[in-house]
Amino acid sequence: MTLQLHNTLTKKIEPFTSQQEGKALLYTCGPTVYNYLHVGNWAAYIYWDTLVRTLQANHYSVERVMNITDVGHLTSDADDGEDKLEKGARREGKTAWEVAEMYAEDFMGGMEKLGLLLPQHVTKATDFIPQQLDLVRILKEKGYTYQITDGIYFDTSKFANYADFASLDLEAQKAGARVEFNPEKRNASDFALWKFTPAGEKRDMEWQTPNDLLIDPNQQLMGFPGWHLECSAMAMSILGPTLDIHTGGIDHIPVHHTNEIAQSESASGQLFSRFWLHNNHLTADGTKISKSLGNGYTLQDLAERGFSALDYRMFVLQSHYRSESNFSFENLAAAKNRLDHWRAIAALRHQTHDTLQNDDDKSLDDHSVSLQATSQAIIETLNNDLNTPETLHIVDVAFSKLDTTSLGSIHQHGLQEVLNTIDEVLGLQLQSSTPDIDDDSKQVIIERQRARDEKNWSESDRLRDELLGKGITIRDTPGGSIWEYAPTTLLQ
RNA sequence: GGCGCGUUGGCGGAGCAGUUACGCAGCGGUCUGCAAAACCGCGUAGACGGGUGCGACUCCCGUACGUGCCUCCA
């Protein structure tokens, strides 16, 4: 099966194709760096990392841009809230620049812990101010903008298909709106492209508004970009007017992405993105994740309870990206146990003695065949709109078979191939987390076997404890002793 | 008020119109020097009411409940 993806644009699952053969242009809406990311935020990046890996498994080279929003994201989409960065800065007694730097660094650290592939372009909104102003200029020249007291706005009534993407009923929304909108705006859905620093205020982050963008060119106005503008400016200036895929959270459909499409397509006259993928949200402890509820767990919170970032990655892969899923530590523990089992299987690759070099050797029951088929099946299920839960099921079935297979009968090459595939597409680092044990430990295992042969149980148990001290557990099977890495214990 | 989604066993979570999802947890057993692991078995899931099928968890309609976005947020 070729890669099929659910496209929000058409609300259907469609075969994926790119504009340029073998190359996919991808834009991912990144974080606003005014706080630590919580598990819900991270889930999105894990899903999109799986997308990138799946594209690569389908022989696409991926050129990907991810923004870091370090300015202009207001605390309200009504364009009259505070800037999150400026607010965060006041909270912490720092400048907006320092806050952005600190949390951006934390974000990059989290990416690494989770084993997320680094996009080719990780771009900060503040590094793309000229490009954003250029976009405003183009829109102004084409007659899509108007200026009011607090900024330059995009007139959504001039973009005929504005409501289509999110199936918006603008009139009904207006009637039921719970937020007062700026009465100077021509339409409730109009949004700020560029905001002016209010008179008498000084922001940490502000730039001179180019005179040619103003009604009165003699005005001297400081300002800053609206939140939606940055994504369009970075995406188009780096990847060109039309993306192959644009990803983001489901919450972005009605406002952020709708606005991105409006401003980008109005400026370029071309389709902004051919595919739009949206991840559903995570709840935590049965309710929506929210700072005020205290369930916005961070990676640090997980670590303090004995869970690694990769345990969390496994947890996220257990549900489909378009389903709403629920985070709890109980569920995370289930994911961790599953990952520990997979690692035990991965450790077998050091302990098999491959007597069969030929994959087609039929004398070896069906293990080699099934392992080969597993690698293929993993890609197939991911190609089905990134069906990661089904992928895990396939791996479980294959690994269960290995549980019942004696060491000598495991087809090492096939196992190696499956592990490679899993690590490539799921990023669980099964192999790097299970290096071969050192020679000393191997010697201890041999000595223990000798003690057991002599029924010297006290010596045998002593050696087993010695290995446990090194984080290695032993299980004795009819076919011999097998070692694996001891699972890390959870803090209660 | 508008738009959307969901309801599967103790917890999580898929596929599929007719045969075990899978994982985790629980109980019983086998194996084992012990332990661990593994294996076998058990608990007979599909909100409710209709409809269409020989047959529905799986398609259609309705009801109830829950939930998301429109307001911080992936």
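The basis for the numbers below is simple: all heavy atoms, side chains too, and nothing from hydrogens, waters or symmetry mates.
Remark: Asp83(A) does not engage Lys195(A) in a salt bridge, criterion side-chain N to carboxylate O under 4.0 Å.
The same atom, P, is picked in rC57(B) and in rC48(B); the two are 11 Å apart, to the nearest Å. Going from the P atom of rU8(B) to that of rA45(B) covers 14 Å, rounded to whole Å. rU20(B) and rC40(B) have their P atoms separated by 14 Å, given to the nearest Å. With C1' as the reference atom, rA17(B) and rG51(B) are 15 Å apart, rounded to whole Å. Between rU58(B) and rA21(B), the distance separating the two P atoms is 16 Å to the nearest Å. Distance noted for atom P between rC31(B) and rA36(B): 16 Å (whole Å). Comparing the C1' positions of rG2(B) and rG55(B) gives a spacing of 41 Å, expressed to the nearest Å. Taking atom C1' in both rU52(B) and rG12(B), the straight-line distance is 33 Å, to the nearest Å.
With a glycosidic angle more than 90° from 0, rG23(B) adopts the anti conformation.
Residue Asp251(A) contributes atom CG, which lies 17 Å from atom P of rC5(B) at whole-angstrom precision. For the pair Arg322(A) CZ and rG13(B) P, the interatomic distance rounds to 16 Å; values are reported in whole Å. The CG atom of Asn331(A) sits 6 Å away from the C1' atom of rC11(B) (whole-angstrom rounding). Computed from coordinates, the Arg448(A) CZ to rG33(B) P distance equals 12 Å when rounded to whole Å. Taking atom CG of Leu392(A) as the reference point, atom P of rG23(B) lies 11 Å away to the nearest angstrom. For the pair Asn259(A) CG and rC70(B) C1', the computed distance is 13 Å after rounding to whole Å. Residue Leu386(A) contributes atom CG, which lies 13 Å from atom P of rA14(B) at whole-angstrom precision. Rounded to whole angstrom, the span from the CG atom of Asn384(A) across to the P atom of rA21(B) amounts to 20 Å.
The side chain of Asn326(A) places an N or O atom within less than 4.0 Å of a non-bridging phosphate oxygen (OP1 or OP2) of rG12(B). Side-chain N/O atoms of Lys288(A) include one lying less than 4.0 angstrom from OP1 or OP2 on rC69(B). For rA38(B), neither phosphate oxygen OP1 nor OP2 lies less than 4.0 angstrom from any side-chain nitrogen or oxygen of Ser400(A). For His38(A) and rA74(B), the shortest distance from a side-chain N or O to OP1 or OP2 is not below 4.0 Å.
Here the nucleotide nearest the side chain of Ile289(A), chosen from rG23(B), rC39(B), rA74(B), is rA74(B). Which of rA35(B), rA74(B), rA21(B) sits closest to the side chain of Arg464(A) comes down to rA35(B). Nearest nucleotide to the side chain of Pro389(A), out of rA38(B), rG68(B), rG13(B): rG13(B). Looking at the side chain of Asp396(A), the nearest of the listed nucleotides rG23(B), rA14(B), rU67(B) is rG23(B). Taking every side-chain heavy atom of Arg475(A) into account, rA36(B) is the closest of rG33(B), rA36(B), rG23(B). Proximity note for Thr404(A) (side chain, C-beta onward) versus rC39(B), rC69(B), rG13(B): the nearest is rC39(B). You'll find that the side chain of Arg452(A) is closest to rC34(B), out of rA74(B), rA14(B), rC34(B).
Ring to ring, Phe307(A) and Phe315(A) are not that close: their centroids are 6.0 angstrom or more apart. Within the 6.0 Å centre-distance limit, the rings of Trp227(A) and His252(A) are counted as a close aromatic pair.
Across all strands shown, rC59(B) forms a Watson-Crick or G-U wobble pair with rG51(B), both key distances being under 3.5 Å. The partner of rG6(B) is rC65(B), by the rule that a Watson-Crick or G-U pair needs both atom distances under 3.5 Å. Pair check for rA38(B) finds rU30(B); Watson-Crick or G-U wobble, both atom distances under 3.5 Å.
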>> Using the rule given for side chain to side chain contact (heavy atoms under 4.5 Å, CB included), can you reason through His257(A) versus Cys29(A), listing the C-alpha separation, both sets of side-chain angles and the distance that settles it, and then say yes or no?
In response: CA-CA 10 Å; His257(A) 290 167; Cys29(A) 275; 3.4 Å; yes
> Could you walk me through whether Asp70(A) and Tyr103(A) pass the side-chain hydrogen bond (donor to acceptor under 3.5 Å, both in side chains) check?
Replying inline: CA-CA 10 Å; Asp70(A) 59 353; Tyr103(A) 290 116; over 6 Å; no
>> Using the rule given for side chain to side chain contact (heavy atoms under 4.5 Å, CB included), can you reason through His228(A) versus Phe154(A), listing the C-alpha separation, both sets of side-chain angles and the distance that settles it, and then say yes or no?
In response: CA-CA 11 Å; His228(A) 313 297; Phe154(A) 183 92; over 6 Å; no
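Contact annotation for His278(A): no contact, since no heavy-atom pair falls under 4.0 Å across all strands. Residue Ser323(A) is classed as a sugar-phosphate contact, given heavy-atom separations below 4.0 Å to backbone atoms only. Contact annotation for Ile474(A): base contact, defined as any heavy-atom pair under 4.0 Å involving a base atom. Base engagement by Asp461(A) is indicated by at least one non-hydrogen atom pair under 4.0 Å involving a base atom. When heavy atoms are screened at a 4.0 angstrom cut-off, Ser325(A) is found touching the sugar-phosphate backbone but no base atom. Residue Leu282(A) is in base contact, counting any heavy-atom pair closer than 4.0 Å across all strands shown. Backbone-only contact: Asp403(A) has heavy atoms under 4.0 Å from sugar-phosphate atoms and none from a base.
Where Thr477(A) and Ser458(A) each meet RNA chain B at their nearest nucleotide, the meeting point lying more 5' is that of Ser458(A). Where Gly249(A) and Val397(A) meet RNA chain B, the nucleotide closest to each residue was compared, and Val397(A) sits on the side nearer the 5' end.
For the side-chain hydrogen bond (donor to acceptor under 3.5 Å, both in side chains) test with Ser189(A), the passing option among Thr156(A), Thr258(A), Asn259(A) is Thr156(A); the others fail. Each of Gln429(A), Arg349(A), Glu484(A) was checked for a side-chain hydrogen bond (donor to acceptor under 3.5 Å, both in side chains) with Thr434(A), and the lone residue meeting it is Arg349(A).
Here His281(A) does not lie in a stacked arrangement on the base of rG68(B), lacking the combination of planes under 30° and ring centres under 5.5 Å apart.
For the pair Arg343(A) and Tyr485(A), the NZ or CZ position fails the cation-pi test of under 6.0 Å to the six-membered ring centre and within 45 degrees of the ring normal.
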